[in-house]
Every structure is written in C-alpha cells, then in structure tokens.
2 protein chains.
Amino acid sequence: MRRHDPGRRDRIVEVTLELIAEVGVAGLSHRGIARRADVPLGSMTYHFDGMDDLLRTAFTRFAERFSASYAAHFAEVGAREEAVSAIVALIRELSADAGMRDNIVAYELYTLAARDPAYREITGRWMAVSRSELERWFAGDVARQLDALIEGFALHGALDVAPLEIGVVESAVRRLVGA
Amino acid sequence: MRRHDPGRRDRIVEVTLELIAEVGVAGLSHRGIARRADVPLGSMTYHFDGMDDLLRTAFTRFAERFSASYAAHFAEVGAREEAVSAIVALIRELSADAGMRDNIVAYELYTLAARDPAYREITGRWMAVSRSELERWFAGDVARQLDALIEGFALHGALDVAPLEIGVVESAVRRLVGA
DNA sequence: CGCGGTTATGTACGATCGTACGCATGAGAG
DNA sequence: CTCTCATGCGTACGATCGTACATAACCGCG
C-alpha cells in the first residue's frame, strides 16, 4: 500500500485528459482511469465528488493549458503583419493531424458546454483569452471575427475530407484585417 | 405483443436523435432508446448491429436533414446581396437558443468524427453540401471561407458567454465577399 | 513510546449494461 | 383450414459500472 504519493490528484487529472482523447467522455470509467493512473479505485471518489467533478477539473486544466499555448504562440509577435502570419500558422497547426488530439478533447468539451452551462463557463473564459490575445493587434470587433474564423477553419480543416489550402486561409485573414 | 409495426426502425432512429440531444452519446443505452421508442429491447439488436451501427444511421439522417434545411434556407435567395443577408440570418439562427438542440447533436457528431474516420465521411459530405450551396453565388475559395466563418460564429455564439453582435457578423461576411 | 484522529484504501453491493439465443408468432403457400 | 418457416421478441447471462462504508495505515502530539 502506497501512502506517500504527492501529485496523485494531478496524475488522475492528467490521465483523464489522455483517456478522453483516446476513448472519449463516453468511454470513461473510474476504474479505467484508476488503472491507467496506477491509483486505487477508492482514490477516485476520495479526491473527486464523482465523475462530473473530475470532468470539470480536467477540462478546466485543459482550457488553461490551451490558453497558455495560445499566448505562447503569439508571444514573440511584434508587428501587425507578423500577427497575420502567426494566425495563418496557427490554423495550419490546429487542422493538422498532429493537432488532432487537442481537437478531440476540445470538441468533447464543446459537446458538454452545449448542454451544460457549467461547462460553458470554461469555454467562455477560454474564448475570452484568445480574443484578448488578438486584441493586442486588432480592434475588438475584428478580433472577434478573427477568432471565429480561426475556429471555423480549424474545425473544417480537421473534419472535412477536402484538404485545407493555406492560400485560402491567408486571403480570408487578410480580408478580415483589411489589408 | 405488437407484430405489425411498420416504421419501427425509423422510430428508433428518431428517438436516438432525441436522446442524443438530451443526454448525449455518453448517456445512451439500448434500453433507454427502446423504452422511449416503445419498442422491445430485442428489436434494437435485431434492426441494428450494435450501438455503432445505430449511431452512424442516426447521424447520417441528421446530416441529411440538416443539409436539406440548409438548402431550404437559401432556396429563394436571388441576387448576391440577398445571399449575404441570408448568411447573416443563418448565423443568428444557429447561435440562438432555439437552435441549440441541433448544435448539441452536431457537436456530438464532430466529437465522433474527430476520432473516427467513419464519421468523418458524414461530416465531409455535410460540409461539401453547404459549400456547394454557397458556390451558387460565390467563387469556390470564398465559399470555403464563408463556410468556415459561419461555423466559427455559430460555435462561438453558442458557447461563448459574451453575446454575439449581429453587426460584427455582417461586417465580417461583407469583408469576405469583397463588398 | 503509545495513542487518537486524519487520511486513504480495499471490498462488496445493487444497478445497469450489451448481447446472444431459444422460442413464440403469424403470414402465406398449398 | 393447416402447415411451415422466416421474422421478431422475451429473457437470461456475464461483465462492468458508480458508490458507500468499514477498516487499515500513517502522522503528530502528549
């Protein structure tokens, strides 16, 4: 029996995110998470008040991490023209196969948020962050438009069978920013 | 015992879509669907080869229906300027509370599509239809850009806490179509 | 060193699940 | 009307689930 195990709670959250990407919220189980996290089953209900509590915690962490990576992506961007390139590059990354794992988790979150206002708080904060990031270079309205465009292209790039041409993306971004 | 019950298969599919909107794919069960559809449990595995087969059938129907309503929305649109208004109106409807039910089902589908290529076929066909509808007024590239913008605005309108201003939507559409 | 209280865990319970399969049923042929 | 066989259904099985709770392990205080 292992008593001293700091960060056990963290590990549970981390494994939950991994499993969401693999089997979805629908395929989760306390037992499956506990097994993968190498944690006794009893720990699940000890650290979290049921599955919903765990899910909210996990998705909150996911959103925070995603917001941070969003900020990092734009961290070294100086001029406005660089911002345009950064947006195009971001869309390419999001719609690429490598970014699919995060997309999966994000859509699972969207699904929950569409039904439950509690999760909409998470998505709301997330979107506020990405918008305020864009507002470093663009007016509020334009930032909102760009944010929607990024989301739309990322989704269609990931879920459409027709491949996304980067030139089409770039011209859309340029039209919105008015250049 | 009811033997003569044509359309039983259809009713199962319909109830499945209802329940997806209410409890999500995660909350589905053969028993729950059978109860609601007033159908014996045995019918479930008789008409469908397990849950996955049922889900694919249900989401295919959903996508076809949605495509049809998409086409109906643009059916009586004549000139290009009318198309712009129709797009703006569409975004407003999609992000309104009344449209949330369909959004929920759509996001459940996206979630599956992100993980499973079999469902990506459904989303792919769906997106192809909406794009070709837009191509009645706009060039292929612009249609693609508009399609992404519509999706992005609908999603952010539904999942963001900040309300969507219709003026911002309209100006984005106009910028993309170059007017 | 002993001991009380907190922290954490193993286990057992009742419910629910998907699925398989033997059998009832009723329509259509004769 | 009777027989037959494909169609459709009830039921039972094994597995898995979330959760509660008694109890074991540890830590710090006296």
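Each chain gets a letter, A, B and so on, in the order the sequences are listed, and its residues count up from 1.
- The side chain of T45(B) lies closest to dT19(C) when the candidates are dT7(D), dA8(C), dT19(C).
- Picking from dG10(D), dA8(C), dT11(C) the nucleotide with the shortest atom distance to the side chain of L41(A) gives dT11(C).
- Summarising the geometry, the separation between CZ on R35(B) and P on dG18(C) is reported as 11 Å, rounded to the nearest angstrom.
- With 3.5 Å as the limit, one finds a donor-acceptor pair spanning the side chains of Y119(B) and D52(B).
- One finds no salt bridge joining R131(A) and E135(A) here, because no Lys/Arg side-chain nitrogen approaches an Asp/Glu carboxylate oxygen to under 4.0 Å.
- I33(A) has its CD1 atom 16 Å from the P atom of dT16(D), to the nearest Å.
- The CZ-P distance, from F48(B) to dA20(C), rounds to 16 Å in whole Å.
- To the nearest angstrom, P of dG8(D) lies 6 Å from NE2 of H47(B).
- Distances from the side chain of P40(B) to the nucleotides dT7(C), dG8(D), dG10(D) place dG10(D) closest.
- Within a heavy-atom distance below 4.0 Å of DNA chain C, the residues of residues 18-31 of chain A found are R31(A).
- Using a 4.0 Å heavy-atom cutoff across all strands shown, M51(A) reaches sugar-phosphate atoms only and no base atom.
- If G50(A) and Y46(B) are placed on DNA chain D by their nearest nucleotide, the residue sitting closer to the 5' end is Y46(B).
- A straight line from CG of L54(B) to P of dG18(C) spans 11 Å, rounded to a whole angstrom.
- A straight line from CD1 of I12(B) to C1' of dG18(C) spans 15 Å, rounded to a whole angstrom.
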When the side chains of residues 59-72 of chain A are checked against the rest of the protein, which donor-acceptor pairs come out under 3.5 Å, sequence neighbours left out?
{"unit_1": "T60(A)", "atom_1": "OG1", "unit_2": "R56(A)", "atom_2": "O", "d": "2.6"}
{"unit_1": "R61(A)", "atom_1": "NH1", "unit_2": "E14(A)", "atom_2": "OE1", "d": "2.7"}
{"unit_1": "R61(A)", "atom_1": "NH2", "unit_2": "D10(A)", "atom_2": "OD1", "d": "2.7"}
{"unit_1": "R65(A)", "atom_1": "NH1", "unit_2": "E14(A)", "atom_2": "OE2", "d": "2.8"}
{"unit_1": "R65(A)", "atom_1": "NH2", "unit_2": "E14(A)", "atom_2": "OE1", "d": "3.4"}
{"unit_1": "R65(A)", "atom_1": "NH2", "unit_2": "E14(A)", "atom_2": "OE2", "d": "3.1"}
{"unit_1": "S67(A)", "atom_1": "OG", "unit_2": "A63(A)", "atom_2": "O", "d": "3.0"}
{"unit_1": "S69(A)", "atom_1": "OG", "unit_2": "F66(A)", "atom_2": "O", "d": "3.2"}

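- Between the side chains of Y110(A) and N103(B), no donor-acceptor pair of N or O atoms lies under 3.5 Å.
- Separating the CE atom of M44(B) from the P atom of dA20(C) is a distance of 14 Å, rounded to the nearest angstrom.
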Using the rule given for side chain to side chain contact (heavy atoms under 4.5 Å, CB included), can you reason through I12(B) versus F48(B), listing the C-alpha separation, both sets of side-chain angles and the distance that settles it, and then say yes or no? CA-CA 10 Å; I12(B) 292 174; F48(B) 302 93; 3.7 Å; yes
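- Under 4.0 angstrom from either OP1 or OP2 of dG8(D) there lies no side-chain N or O belonging to S43(B).
- Between the P atom of dT7(C) and the CZ atom of R9(A) lies a distance of 14 Å, rounded to the nearest Å.
- Salt bridge present: R36(A) and E22(A) bring a charged side-chain N and a carboxylate O closer than 4.0 Å.
- Between E108(A) and R115(B) there is a salt bridge, since at least one side-chain N of the basic residue sits less than 4.0 Å from a carboxylate O of the acidic one.
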